[in-house]
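Have a look at the structure below before the remarks.
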Amino acid sequence: MGKQSSSPGGIRIAIDRGGTFTDCVGNPGTGKMEDDVIIKLLSEDPTNYEDAPLEGIRRVMSKFLKKEIPRGEALDTTKIESIRMGTTVATNALLERKGEPIIMMVTKGFKDCLEIGNQSRPRIFDLAIKKPDVLYEGVIEIDERVTLEDYAEDPERHITNVGSSGLDENRDLVKGLSGEAVRILQRPDKEEIRKQLQEAYGRGIKSIAVCLMHGYTFPNHEALVGEIARDIGFDHISLSHELMPMIKLVPRATSACADAYLTPAIKKYIAGFQKGFEGGLGSESVKTEGGSKGARCEFMQSDGGLVDVDKFSGLKAILSGPAGGVVGYALTSFDKEAKHQPGVIGFDMGGTSTDVSRYGGRYEHVFETTTAGVTIQSPQLDINTVAAGGGSRLFFKNGLFVVGPESAGAHPGPACYRKGGPATVTDANLFLGRLLPDFFPQIFGKNEDEGLDIEASKKLLGELTEQVNKESGKNMSADEVAYGFLTVANETMTRPIRSLTEAKGHDTSKHRLATFGGAGGQHAVAIAENLGIRQILVHRYSSVLSAYGMALADVVDERQEPDSKVWDANGDSKDSLMHKMNELKIKSRRALQGQGFDDNAIIFEEYLNMRYRGTESALMIVKPETEESIERGDFGKAFIKQHEQEFGFTLPDRDIIVDDVRVRGIGKSFHSMSKTVDVQLKEIEARDIQKGSKEYKSSKVYFDGERRDTPIYKLEDLEVGDRIKGPAVLADGTQTIVITPSSTALVIETHVVINIGDKELNDNSRPDTTKEVDPILLSIFAHRFMAIAEQMGRALQKTSVSTNVKERLDYSCALFDSSGGLVANAPHLPVHLGSMSTCVKRQADIWRGKLVKGDVIVSNHPEYGGTHLPDITVITPAFNESGKKILFYVASRAHHADIGGILPGSMPPHSRELYQEGAAIKSEKLVSAGRFNEERITELLLKEPAKYPGCSGTRCLADNISDLKAQISSNMKGINLISALIEEYSEEVVNFYMVNIQSNAELSVRNLLKDVSKRFEGQDLSALDFMDDGSPIKLKITIDADKGGAIFDFAGTGPEVYANINAPQAVTYSAIIYCLRSLISEDIPLNQGCLKPIKVLIPPKSFLSPSDKAAVVGGNVLTSQRVTDVILKAFQACAASQGDCNNLTFGFGGNIEGQKETKGFGYYETIAGGSGAGKSWDGTSGVHTHMTNTRITDAEVFERRYPVILREFSLRAGSGGKGQHRGGDGVIRDIEFRMPETQVSILSERRVYHPYGLAGGEDAQCGLNTWVRKVETSNPERSNKLLNGGDKDGKLDQVVYEERRINLGGKNTALMKAGERIIIETPGGGGWGKVGDPKELVAKLVDPKHAWAGGSHQSREEMALQA
């Protein structure tokens, strides 16, 4: 340890201020575990003390100094060596939106960038779309602009050489920090900025966030704004390039806002905290007070490192508390010296949330995470909140046991907390004897002096049992019901743990489980069994492990700079990167020396953020030490190895690009680590405890079907070496550990180690599971089937190479029963929901009896259940062991960027025949008995389409083949997972529940239809709307109120059209499933059962049932939206949304027959609009609605990849319909092209017919597509000269161009020149109710998930599940 102590042997205190409790671990300075003092107190107790951490320190010092220090007396810092703290101040300010009022400053054209975000909606089935509120009070747009000169998709790979001009302000072309050429298009006006800032300052704003386009590589303009703001006197200025110089405008702007919003709140808290001490806190006060009065004080950051109190900022404080727990288990449960050491999964289950993380010898960081609805760019430990903890509420809905996501929170808390709370997981544990009131603090009741109330838990679980038995016709006991809820709760938590671990290429069963947090010990064994883990580690301090982690943590200094070089292990680029790395190390060393660290206590971790060219999936690679195949410092080889592990493939022919250089400087702290777990386990001599000895008491605890006499042990009564066989319960004042009958617990110095044996094979507590439906098993299978579809989706996203799948998430995965009926469909894209089943059923019929193991089918033809041609479906049958019988099918559908046809992107706006839209595959074997048929698929994608007039084959065959292989491997993942399920439960049971889960969805839809019939008093529902060409879509819904069935009759719908808005029948089925699920507004399994109560009548030869050669590309993306509008109008559910996807494609290149192949690129995006208002909600602006939910490419990434300038991306004010509730506004997207010629196409709707208002609400505005074109001005004199061969010298006057605005209509394509633009103004959503009527707003519903939704898992979940 360096010279990092002021008074050796002074008191050391580590504190974690959590949501419910504040934990303190104190040590008198000996560093020995046996001398520690542990104190747990309520985080909020205003009648007794103002600040929990100060109160904790007072109690710790009173104990060590052996005298009672009165409350309110300033604490003597001479006695303290260090204070280390984790706090939820920032998280709470974010959750409750109680930060500092701020202004955001952004480049002109992007004032709404944070409101639009990535344009996807958080939950795809919510008609009342709720996006998290922005953090700022207002926005100032700055008239400045820079862009990147070169573009990544350039087939020629041209790089502009700027020389070493650096950031010279006087040149138009300069070299950015990342090494890229930056063109300055518009310099900012200092006086204008001063005026804007002065005006905000005058309104009382004291904190600002600044984020300008490409500020990560060209920070000059941001720095200028910062200078002027400091001059004016702003208290806090957050500049995005200083906080996190990484590409992506939206996350960087959000991060700057979060920092400006939270840092003042933290500074305010710290100032109050410091007033409680006699001397100063922090390394500066240690220096100035000569070490006599000052005490070190450090705060835990989200990245797992400590930082001096003076440098603690809002952006880095968001995961402050949970980070301590990760450090705690990482340093106490993992042995770096041991060979083949298994990784550790951390399971932190508290009262209000459950967090999961992993440690395999190095902290795993992520750089983009979502907390409380705010997406932040900053290094954070990869901690994922997966459920709501012990406070998760219990429900029985639609025949299923449901746990969470709603939480009882700290107030009122579970029923047993004596505050009238609901039934929760904690109540079920208490009722079953797995939680012991004797060991719980007596802090409940009116006078806060009573224990847990088991009677309250009993009463609510009794009521739930009555409901379960009444609705399911079963006769279950309250014990069985409570245990059922715990089983489902464990499955709910296991699902994300498994997918998180496997997403990084790790096998969960090859790990240990380190459990901590108050509720972890009650669930640890069940969670481990579900994950296939055999050993659990429970630290002695497991209930205060976050605080203990603070005591063990290191001080960290993070530095990062952008780059753009191609990695070359032996060339100049490596030298230049290492030079940049060394400069960062020098800065970091200085900062740590300033905090009192000697050189010998400072070490560095060096990283490069690397990706393959053309992809956006960057991996942060740590400098490799010498391994068998990798030399020390060969980042390139290390990247390839990690890419293979995480994504399952490499791209040997592509360059590796370095996006960022990062250094993590670490100041090693005082460690008195005892022997590691592995060393203790080797040395220990275990002895079994005899029955009756050391028992505190015996109690009846419920395990697998019955209550058993179970010994209860106090942890402090057990000695090192004691081994306890299950069933047993070990407890102390802070935690309860449940040991199941099949496991044993061994006490070692630092931990309780639980070893899990094989489950008793004679576990016959479950009845014969195929005679009748067991609602608990049904609930578990609902989770398992859905988890399989989700994991297939994650596998596909990981192993694909194209932007469409990897970033835009335009894909879906599902599993089907043996007849092709949909069992589970991860809710990726609504338009794929019902249509995949049509495809699978059709293929199952065609190939009946002809398939063998290892066959895979491919199809995209609309006549065969396809939606439009770019969506290619890959179907794999799964056979039984003998290979004779197909048990089920799995399928994945992905949008391929190009499959040929008349235009790049295969989304032509004016196609008339199917062949013009690209390759059409009716039914082919993609794989025959395990052999990939590459020749045939190449012929189908590349050669067949080029045979038609004016058509090219696919323009990106390599990507098509890679993505098809990714689809095959995603299907394989699904088959392996179901095979494991069959091994666990048997083929018969899995099949039985595949069928019954469909009946469950059917029941939910029948109940909905009965309710609707009541509301409309048995009348038929009807609706009519039109496509822009006048084609009508007409619908009449007749409901059978007794059976809960309905007929959806589309008679009167227009005929097939000679254009591309024809929609295959499968699209209508998707729209119906989506609408029904949205109207039910509860999580129900999405499967074939949803359609069982529905009879659909589509008139043959209409444009909803086109012939097999009809063009359909617009049917999937436009007509599907109109069908949805018509169904929702019939149900009077909400006004029309934008009713459109605004499909924009641009690019160049292709292989038209008889012409030379041109290498080029293609780009495709869909653009958001306004959502419709409803009876109790306003519409939402700038969001994707109904049948799609794909993301938009970030503005900076867009300009880095393609030769364009995004001039504006903002909300289109006033485009939503007025009403009692307003419709949402559309957006304006203005793109300028920089190449001599780019083919630009737009395919859109609602350019003629307005999105309708309902119940007296007004219609929204239509959309508009404008081409800003350069046209020659008419000059008669020049025309004459042209005819006569010029003037006397044969010269002609210069051509003069003028700008014309040309309306492109809804569907068009144009060849645009450099400097020309397309401006897309998207439609708004209709209004609801008459203008002026009082709003019927429901009390603002707080999204129950917002309290705990956080961490990179949520970013990934949003990506993988909800996009």
Side-chain angles (χ1 to χ4, degrees), residues 104-110 113-114 118 142 144-152 162 165-169 173-186 188 209-226 237-260 313 315-316 365-369 375-380 558-565 576-577 580-581 583-584 587 607-611 616 618 620 657-663 1193-1202 1205-1206 1209:
M104 174 175 85
M105 307 192 72
V106 72
T107 303
K108 185 178 172 185
F110 296 93
C113 67
L114 296 193
N118 64 13
I142 296 182
E144 66 79 46
R145 193 64 157 88
V146 304
T147 190
L148 302 182
E149 186 69 359
D150 303 320
Y151 68 103
V162 190
S165 65
L167 299 173
D168 178 1
E169 261 295 333
L173 203 56
V174 298
K175 188 176 184 176
L177 295 177
S178 59
E180 292 161 293
V182 175
R183 182 166 288 283
I184 301 171
L185 302 168
Q186 173 73 38
V210 186
C211 184
L212 305 180
M213 275 288 280
H214 302 293
Y216 68 95
T217 186
F218 183 79
N220 300 30
H221 292 174
E222 277 189 15
L224 174 73
V225 176
I237 301 155
S238 294
L239 304 179
S240 81
H241 73 273
E242 289 180 352
L243 292 168
M244 197 66 199
M246 282 179 100
I247 189 168
K248 281 195 184 176
L249 177 75
V250 171
R252 214 175 58 251
T254 322
S255 304
C257 287
D259 190 67
S313 77
L315 183 63
K316 304 235 167 130
H365 289 105
V366 283
F367 293 82
E368 203 171 297
T369 55
T375 299
I376 280 163
Q377 227 181 17
S378 172
Q380 303 195 11
E558 277 266 0
R559 307 257 158 182
Q560 185 166 320
E561 270 199 23
D563 210 288
S564 62
K565 289 185 186 57
S576 147
L577 288 163
K580 199 176 245 189
M581 186 86 78
E583 291 204 331
L584 291 175
K587 288 179 188 167
Y607 297 88
L608 293 182
N609 196 24
M610 309 172 91
R611 63 184 169 85
E616 289 299 319
M620 192 60 79
I657 308 282
V658 177
D659 275 343
D660 304 276
V661 180
R662 171 182 168 224
V663 162
T1193 307
D1194 185 88
E1196 289 179 344
V1197 175
F1198 186 48
E1199 290 189 7
R1200 178 189 252 185
R1201 290 187 77 157
Y1202 301 100
I1205 299 172
L1206 184 59
F1209 188 32

[X] side, atom [atom1]; [Y] side, atom [atom2] - distance, nearest 0.5 Å:
X: Glu144; Y: Met105; atom1: CD; atom2: CE; answer: 10.5 Å
X: Ile142; Y: Phe110; atom1: CD1; atom2: CZ; answer: 13.5 Å
X: Glu561; Y: Leu584; atom1: CD; atom2: CG; answer: 5.0 Å
X: Ser378; Y: Met246; atom1: OG; atom2: CE; answer: 10.0 Å
X: Leu212; Y: Thr107; atom1: CG; atom2: OG1; answer: 4.5 Å
X: Met213; Y: Leu185; atom1: CE; atom2: CG; answer: 10.0 Å

Given 3.5 Å as the limit, does a donor-acceptor pair link the side chain of [X] with the main chain of [Y], or not?
X: Glu222; Y: His241; value: yes
X: Asp1194; Y: Val250; value: yes
X: Ser564; Y: Ser178; value: yes
X: Glu149; Y: Arg183; value: no
X: Thr147; Y: Ile1205; value: no

Distance-only polar pair, side chains of Glu1199 and His214, donor-acceptor under 3.5 Å: yes
Polar side chain donor-acceptor pair, Glu180 to Thr217, under 3.5 angstrom: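 No donor-acceptor contact under 3.5 Å links the two side chains.
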Side-chain heavy-atom pair [X], [Y] within 4.5 angstrom cut-off:
X: Thr254; Y: Gln377; answer: no
X: Met581; Y: Leu608; answer: yes
X: Met244; Y: Ser255; answer: no
X: Pro219; Y: Leu177; answer: yes

Candidate pair Ser238 and Leu243, rule side chain to side chain contact (heavy atoms under 4.5 Å, CB included), full reasoning: CA-CA 7 Å; Ser238 294; Leu243 292 168; 4.0 Å; yes
Matching residue for Glu1196 among Arg252, Lys248, Arg1201 - test: salt bridge (Lys or Arg N to Asp or Glu O under 4.0 Å):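 Testing each of Arg252, Lys248, Arg1201 against Glu1196, the sole residue satisfying salt bridge (Lys or Arg N to Asp or Glu O under 4.0 Å) is Arg252.
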I need the minimum non-hydrogen distance between [X] and [Y], along with the two atoms involved.
X: Val162; Y: Ala181; answer: CG2-CB, 3.4 Å
X: Arg611; Y: Ala618; answer: CB-CA, 3.7 Å
X: Lys565; Y: Ser576; answer: CE-OG, 2.8 Å

Criterion side chain to side chain contact (heavy atoms under 4.5 Å, CB included) on Tyr607 and Gln560, from CA distance to verdict: CA-CA 9 Å; Tyr607 297 88; Gln560 185 166 320; over 6 Å; no
For [X], what residues pass the side-chain hydrogen bond (donor to acceptor under 3.5 Å, both in side chains) criterion, not counting sequence neighbours?
X: Asn609; result: Asp660
X: Tyr151; result: none
X: Lys108; result: none

Trace of the side chain to side chain contact (heavy atoms under 4.5 Å, CB included) decision for Arg662 with Met620: CA-CA 9 Å; Arg662 171 182 168 224; Met620 192 60 79; 3.5 Å; yes
Aromatic ring pairing His221/Phe218, orientation class (parallel under 30°, perpendicular over 60°, tilted between): perpendicular
Test applied, side-chain contact (heavy atoms from CB on, under 4.5 Å); reference residue, Val210; option that passes from Leu224, Val106, Leu239: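 Testing each of Leu224, Val106, Leu239 against Val210, the sole residue satisfying side-chain contact (heavy atoms from CB on, under 4.5 Å) is Leu239.
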